[in-house]
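What you are looking at is a predicted structure, and each value in this text was computed from that prediction instead of being measured. Values below: all heavy atoms of this structure, side chains included; hydrogens, waters and symmetry mates excluded.
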Amino acid sequence: MLRIKGFADRADSAHTLARLAGVQGEWSTRLGAALRHACSQLRGHSRPHVLLLTDGQPHDVDVHDSCYLPADLQQAVHEARRAGIAVSCLNVLGADTASMDEHRVMQSALGVHACRAVHALGDLPQQVLACLAR
């Protein structure tokens, strides 16, 4: 889990936008575990919000049931929302059809309105600011 913006940081500050610009995809995606960790850091804050930034569906090399990690993410989202923590997602898509399939998996786990597709990396800062402005 990589924190790009903390509560004391302005979303449109040069420092926050520079961290966002430096993000690179790597490793596997256990988003349920990452979300639970982020939520544990947010307890007690007013208006807590986790914005997941991902480039694909939840997966890992040692999980062979393709339904397990999306279901775990869905459960983590329910837990977060029950605790009063808003959860949304920006999903950076590739140009292939597999990316759209992965995006549908993410929408299923988070809800259609909580998961936005980002088609071009240049749109990412504007999309982040739009999500955080809610």
Side-chain angles (χ1 to χ4, degrees):
M1 186 188 99
L2 174 65
R3 182 187 293 201
I4 295 172
K5 181 200 165 302
F7 281 103
D9 304 324
R10 289 184 44 91
D12 60 352
S13 73
H15 186 66
T16 299
L17 294 174
R19 279 190 296 218
L20 180 61
V23 171
Q24 294 184 358
E26 56 185 55
W27 307 108
S28 296
T29 310
R30 290 194 178 221
L31 286 174
L35 178 56
R36 286 183 184 93
H37 176 72
C39 289
S40 74
Q41 305 295 306
L42 295 176
R43 301 217 191 281
H45 287 277
S46 63
R47 296 182 50 211
H49 182 183
V50 175
L51 174 59
L52 298 170
L53 176 61
T54 185
D55 62 354
Q57 75 179 49
H59 69 280
D60 207 340
V61 295
D62 65 342
V63 177
H64 303 291
D65 179 354
S66 62
C67 296
Y68 176 76
L69 290 176
D72 183 55
L73 173 59
Q74 187 174 38
Q75 180 61 35
V77 169
H78 289 305
E79 293 167 10
R81 290 180 178 154
R82 273 197 312 266
I85 300 171
V87 180
S88 56
C89 175
L90 291 176
N91 194 1
V92 180
L93 302 181
D96 56 344
T97 55
S99 286
M100 282 309 298
D101 292 340
E102 291 173 353
H103 182 63
R104 282 189 277 283
V105 169
M106 293 298 294
Q107 285 182 317
S108 177
L110 282 112
V112 173
H113 300 295
C115 187
R116 292 182 176 191
V118 178
H119 297 280
L121 282 177
D123 296 339
L124 192 54
Q126 180 181 358
Q127 292 274 11
V128 168
L129 293 175
C131 281
L132 295 176
R134 287 194 220 168

Only pairs at least two apart or in different chains count here, so list each side chain to side chain donor-acceptor pair (under 3.5 Å) that has a residue in residues 118-128. R116-Q127
Connected to M100, directly or through other members, by ILVMFWY side-chain contacts below 4.5 Å are L93
For S108, enumerate each residue passing the side chain to side chain contact (heavy atoms under 4.5 Å, CB included) test, keeping only those at least two apart in sequence or located in another chain. none
Going by side chain to side chain contact (heavy atoms under 4.5 Å, CB included), name the residues that satisfy it together with Q74, two or more places apart in sequence or in a different chain. H78, A109
Can you measure from CG (D55) to CG (N91) and round to the nearest 0.5 angstrom? 7.5 Å
Could you state the interatomic distance from CZ (R30) to CG (L35), rounded to the nearest 0.5 Å?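 Taking CZ in R30 and CG in L35, the distance rounds to 15.0 Å.
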Exactly one of L17, V128, L51, T16 should register a side-chain contact (heavy atoms from CB on, under 4.5 Å) with K5. Which one does?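 The residue from L17, V128, L51, T16 that satisfies side-chain contact (heavy atoms from CB on, under 4.5 Å) with K5 turns out to be T16.
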Just so I know, are the side chains of T54 and E102 near enough to count as touching, which here means a heavy-atom distance under 4.5 Å?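 Not touching, per the 4.5 Å side-chain cut-off.
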With a 4.5 Å cut-off on side-chain heavy atoms, are L69 and L31 touching? no
Quick one: closest heavy-atom pair of S88 and L110, and the distance? C-CD2, 4.3 Å
Specify the closest pair of heavy atoms between H103 and C115, including all atoms of both residues, with the distance to one decimal.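 Closest heavy-atom pair between H103 and C115: CE1-SG, 3.6 Å.
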Contacts of type ring pair (Phe, Tyr, Trp, His ring centres under 6.0 Å), residue H45, not counting sequence neighbours: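 Ring pair (Phe, Tyr, Trp, His ring centres under 6.0 Å) list for H45, sorted by chain: F7.
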Would L53 and V92 count as a side-chain contact (heavy atoms from CB on, under 4.5 Å) if you check the C-alpha gap in whole Å, the side-chain angles of each, and the deciding distance to 0.1 Å? CA-CA 8 Å; L53 176 61; V92 180; 4.0 Å; yes
Can you list every pair that meets salt bridge (charged side-chain N to carboxylate O under 4.0 Å, His left out) and has a residue in residues 64-93, with sequence neighbours left out?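 Sorted pair list: R36-D72, R36-E79.
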